[in-house]
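If you're wondering where the values come from, they're calculated on a predicted model, not measured in any experiment. We name chains A, B, ... by the order of the sequence lines, and we start the count at 1 in each one.
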Protein chains: 2
Amino acid sequence: MLDETFRALADPTRRSIIDILAAGDRSVGELVDQFDFAQSGISRHLTVLERANLIVRRRAGQKRICSLAANPLEEADDWIRRYREHWGARLDRLEVHLAEDEG
Amino acid sequence: MLDETFRALADPTRRSIIDILAAGDRSVGELVDQFDFAQSGISRHLTVLERANLIVRRRAGQKRICSLAANPLEEADDWIRRYREHWGARLDRLEVHLAEDEG
DNA sequence: CCATCTTATTACTACAGTGTGATATATCAA
DNA sequence: TTGATATATCACACTGTAGTAATAAGATGG
């Protein structure tokens, strides 16, 4: 799952799509208009984002509206935070060590 | 830069390497022992991680010791956090909206 | 039904990523 | 220097990804 999440985020176009959707929902066509790629390319990017549970698409007449998923990036955030906390903890230990040397 | 970071994290072997290094520094050979991949494959994974500024390698005699980079994942963390805050803000607005409907 | 609009899917090309074994490079020890 | 150890790099195969144009499929309106 983390594989799919991080891989989805590794593409700048897909991150841009997420940025746009963070400002509000958009139809597929509205998203296509924001980029210089063919409609088929954007459609596939949306499929990648959807399979990574980062966005959802719902029908609204002929259009399909894209929005951010309900609770996305939780797993990715957890992973990164755990890792960064590890790093922070090691720094703290280093500081303690230095303080002990001084005392 | 985010491209490289997220792409580096998209591989489970590389995330495992990071997990191992979070517990302490390791030589390349020690890392190779933990996996069922050829030495050349691990070496290349390490190069990917290093280019993404997630780890550093330093010489120690014949060996090269791998450790986590000094301040890694900051950018990735910022990106994810900004995005999750957006999502949190939207939830808050929804709650306000619902509260107004009730009142 | 037919025409149109919107989006998804397919077929294709080009390139990048991941794995391998073989080989090169660097360091140490004698 | 020679030999051993540790790591990096190369050449290759295979797979996956991102882009395109063309086509299919779903929804709406007449």
| request: For A:Arg44, report the nucleic acid contact type (base, sugar-phosphate, nothing); a contact means any heavy atom under 4.0 Å. | output: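 If one applies the 4.0 Å heavy-atom cut-off, A:Arg44 turns out to touch a base.
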| message | Using a heavy-atom cut-off of 4.0 Å across all strands, would you classify A:Gly29 as base, sugar-phosphate, or nothing? | response | sugar-phosphate
Does [X] pair with [Y] as a salt bridge, N-O distance under 4.0 Å?
{"X": "B:Asp77", "Y": "B:Arg81", "value": "yes"}
{"X": "A:Arg15", "Y": "B:Asp3", "value": "yes"}
{"X": "A:Asp25", "Y": "A:Arg58", "value": "yes"}

| query | Can you tell me if the side-chain N/O atoms of B:Arg14 get under 4.0 Å from OP1 or OP2 in C:dT18? | reply |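 Yes, because at least one side-chain N or O of B:Arg14 sits under 4.0 Å from OP1 or OP2 of C:dT18.
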| query | With respect to the phosphate group of C:dG19, does any side-chain polar atom (N or O) of B:His45 fall under 4.0 Å of OP1 or OP2? | reply |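 It does, given that an N or O in the side chain of B:His45 lies less than 4.0 Å from OP1 or OP2 of C:dG19.
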| message | Taking A:Gln62's backbone N and O only, do any of them form a donor-acceptor pair with A:Arg59's side chain (distance below 3.5 Å, no angle check)? | response | yes
| Under 3.5 Å, is there a donor-acceptor pair between the side chain of A:Arg14 and the main chain of A:Ala8? |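 Yes, the answer is positive, given that a donor and an acceptor are paired below the 3.5 Å cut-off.
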Rounded to whole angstroms, how far apart are [atom1] on [X] and [atom2] on [N]?
{"X": "B:Leu31", "N": "D:dA6", "atom1": "CG", "atom2": "C1'", "result": "13 Å"}
{"X": "B:Asp3", "N": "C:dG17", "atom1": "CG", "atom2": "C1'", "result": "15 Å"}
{"X": "A:Asp11", "N": "C:dC15", "atom1": "CG", "atom2": "P", "result": "17 Å"}
{"X": "B:Asp36", "N": "C:dG19", "atom1": "CG", "atom2": "P", "result": "12 Å"}
{"X": "A:Arg51", "N": "D:dG16", "atom1": "CZ", "atom2": "P", "result": "12 Å"}
{"X": "B:Phe6", "N": "C:dG17", "atom1": "CZ", "atom2": "C1'", "result": "19 Å"}
{"X": "A:Glu30", "N": "C:dC5", "atom1": "CD", "atom2": "P", "result": "17 Å"}
{"X": "A:Leu46", "N": "D:dT17", "atom1": "CG", "atom2": "P", "result": "16 Å"}

| Does one side chain, of B:Ser67 or B:Arg57, offer a donor that lies under 3.5 Å from an acceptor on the other? | no
| said: Can you identify which nucleotide, out of C:dA8, C:dT18, D:dG19, has its nearest atom closest to the A:Gln39 side chain? | reply: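 Nearest listed nucleotide: C:dA8.
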| Quick one: which of C:dA22, C:dT9, C:dT18 gets closest to the side chain of B:Ser40? |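 From the listed options, C:dA22 comes nearest.
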| said: Evaluate B:Leu9 against A:Tyr83 for side chain to side chain contact (heavy atoms under 4.5 Å, CB included), listing each step before the verdict. | reply: CA-CA 12 Å; B:Leu9 295 178; A:Tyr83 171 59; over 6 Å; no
| Looking at residues 55-65 of chain B, who's got a heavy atom less than 4.0 Å off DNA chain C? |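 Those residues are B:Arg59, B:Gly61, B:Gln62.
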| Hey, which of these two, A:Gly41 or A:Arg7, hits DNA chain C nearer its 5' end, going by closest nucleotide? |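 This one resolves to A:Gly41.
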